[in-house]
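Read the structure below first, then the notes.
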Amino acid sequence: MPELPEVETRVREMRPLCVGRTIVGVRLQWARHVEPLLPSEFEQQILGQEILAVERRAKYLVFRLSRQDLLIHLRMSGDLSVVASGTPYEKHDHTTLGFDNHTELRFNDARKFGRATLVASAEQFTAHLGPEPLDPAFTAVVLYQRLQNSNRALKPLLLDQTFLAGVGNIYCDEALFASGLHPLRLASSLSEQEVALLWQNIRQVLWDGIARNGASIDWVYRGGSQQHHFAVYGRTHQPCLTCGTPIQRLVVGQRGTHICPQCQPSG
DNA sequence: AGAAATACCCGTACGC
DNA sequence: TGCGTACGGGTATTTC
């Protein structure tokens with residue numbers, strides 16, 4: 001369940017392993033990974049291009065290539081790694097890019113939700129997305145104005161990538177809890193004070209996630225400890241860390257939602 | 001037009 | 001044990 005912090009973690013991990021590499025080989029095991037291009041088109045276009053930079057926009061990893069941009073979205077279960085050429089393939093290694101130094105970038109994606117999109121311009125491709133929550137330009141005032149313009153419930157709005165880019169279900173629940181806001185509150189009903197708190201907490205939970213290298217959650221089924229450091233997400237029926245009230249799970253906009261009914265009054 | 005619901009996937013957890 | 005089923009999650013697409 002990579003959200004902004006998990007994607008940012010991968011960006012930082014991939015950057016030193018990918019920048020400066022030239023793509024000399026392609027292996028596609030799942031054609032739809034590269035839609036809307038056909039595998040043959042994808043391969044023909046990407047071969048020979050050098051990776052100039054690795055960046056992030058929303059939940060996309062952006063690989064700046066010689067002539068194009070490659071955007072990788074991990075969706076639910078995707079993960080990236082760079083391994084030595086010849087390393088045996090893992091079960092769900094669907095897309096592999098071979099580099100000029102005997103290493104390979106492997107896109108493992110158990111649920112096949114991810115995408116590797118080759119485009120002329122990442123900016124154009126992501127133009128419809130909302131502001132970056134960690135960008136200095138994203139101020140509390142900007143958030144307040146955007147919330148004022150909406151009649152929707154708070155949570156579905158925060159998850160709408162055209163409203164705000166990079167926040168997913170987990171960090172959304174965490175930010176709302178930290179702000180004492182009920183997920184069904186009407187966006188435009190928030191006071192300036194409430195928005196200021198929400199703005200601060202959105203950024204805080206994201207920064208915290210990045211600081212922990214996105215390792216707070218067992219996202220992509222990496223074996224071992226399933227420990228996480230969240231206050232409400234995944235803590236249904238467990239006591240609220242603030243007041244002890246059992247955490248409730250409800251469904252908001254089709255999404256599992258975790259709240260403390262005491263700390264996040266619906267009224 | 002805008003908002004809500006559905007489709008896309010499959011590993012996992014659960015019930016019988 | 002093994003089979004069947006519900007569930008989750010981000011976003012493009014479809015429906016309301």
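When reading the values below, keep in mind they use all heavy atoms of this one structure, side chains included, and skip hydrogens, waters and symmetry mates. Each chain gets a letter, A, B and so on, in the order its sequence line appears, and its residues count up from 1.
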Rounded to whole Å, the CG-P distance (L157(A) to dT11(C)) equals 14 Å
Of dT11(C), dA12(C), dG11(B), the nucleotide closest to the side chain of A110(A) is dG11(B)
Heavy-atom donor-acceptor pair, N149(A) side chain to Q145(A) backbone, under 3.5 Å: yes
Can you measure Y60(A) atom OH to dA12(C) atom P for me and round it to whole angstrom units? 5 Å
Once the angle between the rings of Y171(A) and F230(A) is folded into 0 to 90°, is it parallel (under 30°), tilted (30 to 60°) or perpendicular (over 60°)? perpendicular
I'd like a table of atom pairs between the protein and nucleotides 1-8 of chain B - only N or O on both sides, under 3.5 Å - with the distance next to each one.
residue: dC8(B); atom: O3'; partner: R32(A); partner atom: NH1; Å: 3.4

For H128(A) and T162(A), test the side chains for any donor-to-acceptor distance below 3.5 angstrom and give the result as yes or no. no
Measure from NZ or CZ of R106(A) to the centre of the six-membered ring of Y89(A), then state whether that distance is under 6.0 Å and the direction lies within 45° of the axis. yes
If I take atom CE in residue M76(A) and atom C1' in nucleotide dG11(B), what distance separates them, rounded to the nearest angstrom? 10 Å
F163(A) has an atom CZ; how far is it from atom P of dT11(C), in whole Å? 15 Å
Tell me which of H73(A) and V251(A) sits closer to the 5' end of DNA chain C, going by the nucleotide each one is nearest to. V251(A)
Joining Ile, Leu, Val, Met, Phe, Trp and Tyr whenever any side-chain heavy atoms lie under 4.5 Å apart, the cluster holding L241(A) also takes in none
Under the 6.0 Å and 45° cation-pi test, does R75(A) pair with Y60(A)? no
